[in-house]
Amino acid sequence: MRQNRALHEYVLALTLTVLSAPWTDPEERLSLERIDENFWRAEARRGFMERPNIHAILAECKARGAGIDLDDVTYYVGHETIVPRENGRGMARWQEVLFAAMGRNAERISDYLELPCEQVVEIGREIEI
């Protein structure tokens, strides 16, 4: 709300958890909790071999009673940028370079989840290593 200067009419906060098991049982895949009149919290759980379908998860939330408009969704995702520590007390320099390169070459979460780019807002932060 502080960054957008707006408050959305309906809010569904979705946490996607990837489990260490390859597959999840269907009854454990989604939990939905109504916090307030137009605010819901959901947790979707998937195994590491499953590729999450966010649109299907949101449709299931709507079917369970979450009053969201599937045609008007804004996706907020986190983005982290790895930077070296300024005081020099972090990793060895070669490890920092390798770790930062791996982070830059990793697939973006919005691409992995196949989110429509015109509906994605990335919230970024820097992490010192």
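For reference, positions follow the sequence shown, starting with 1.
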Validation: residues 39-48 side-chain donor-acceptor distances under 3.5 Å, sequence neighbours left out:
residue : atom : partner : partner atom : Å
Glu43   : OE1  : Arg45   : NH1          : 3.2
Glu43   : OE2  : Thr17   : OG1          : 2.9
Arg45   : NE   : Glu28   : O            : 2.8
Arg45   : NH2  : Glu28   : O            : 3.0
Arg46   : NH1  : Arg29   : O            : 3.1

Would you mind writing out the side-chain donor-acceptor pairs for residues 107-118 within the sub-3.5 Å range, not counting sequence neighbours?
residue : atom : partner : partner atom : Å
Arg108  : NH2  : Ser110  : OG           : 3.3
Arg108  : NH2  : Glu122  : OE2          : 3.3

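Sequence neighbours left out, the pairs with a member in residues 61-73 that pass salt bridge (Lys or Arg N to Asp or Glu O under 4.0 Å) are Glu60-Arg64.
Within the 4.5 Å cutoff, side-chain heavy atoms of Leu32 are placed close to those of Leu12.
Residue Leu19 is not grouped with residue Leu16 when hydrophobic side chains (ILVMFWY) are merged at heavy-atom distances under 4.5 angstrom, including chains of intermediate members. Ile68 and Tyr76 are members of different hydrophobic clusters when ILVMFWY side chains are connected at heavy-atom separations under 4.5 Å. Linking ILVMFWY residues whenever their side-chain heavy atoms come closer than 4.5 Å, directly or via other members, leaves Val97 and Phe99 in distinct clusters.
Residues meeting the side-chain contact (heavy atoms from CB on, under 4.5 Å) test with Glu27, sequence neighbours left out: Asp25. Scanning for side-chain hydrogen bond (donor to acceptor under 3.5 Å, both in side chains) contacts around Arg51 gives an empty result, with sequence neighbours left out. With sequence neighbours excluded, the residues that form a side-chain hydrogen bond (donor to acceptor under 3.5 Å, both in side chains) with Glu80 are Arg125.
Here the closest heavy-atom approach between residue Leu70 and residue Ala59 is recorded as CD1-CA, 3.9 Å.
Note that OH of Tyr10 is 8.5 Å distant from CD of Glu37, once rounded to the nearest 0.5 Å. Summarising the geometry, atom CG belonging to Leu14 is positioned 6.0 Å from atom CD1 belonging to Ile57; distances are rounded to the nearest 0.5 Å. Here the straight-line distance linking atom OG1 of Thr24 with atom CG of Leu30 works out to 10.5 Å at 0.5 Å rounding.
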For this session: Would you check, one step at a time, whether the test side chain to side chain contact (heavy atoms under 4.5 Å, CB included) holds for Glu33 with Ile35?
Result: CA-CA 6 Å; Glu33 175 186 7; Ile35 304 299; 3.7 Å; yes
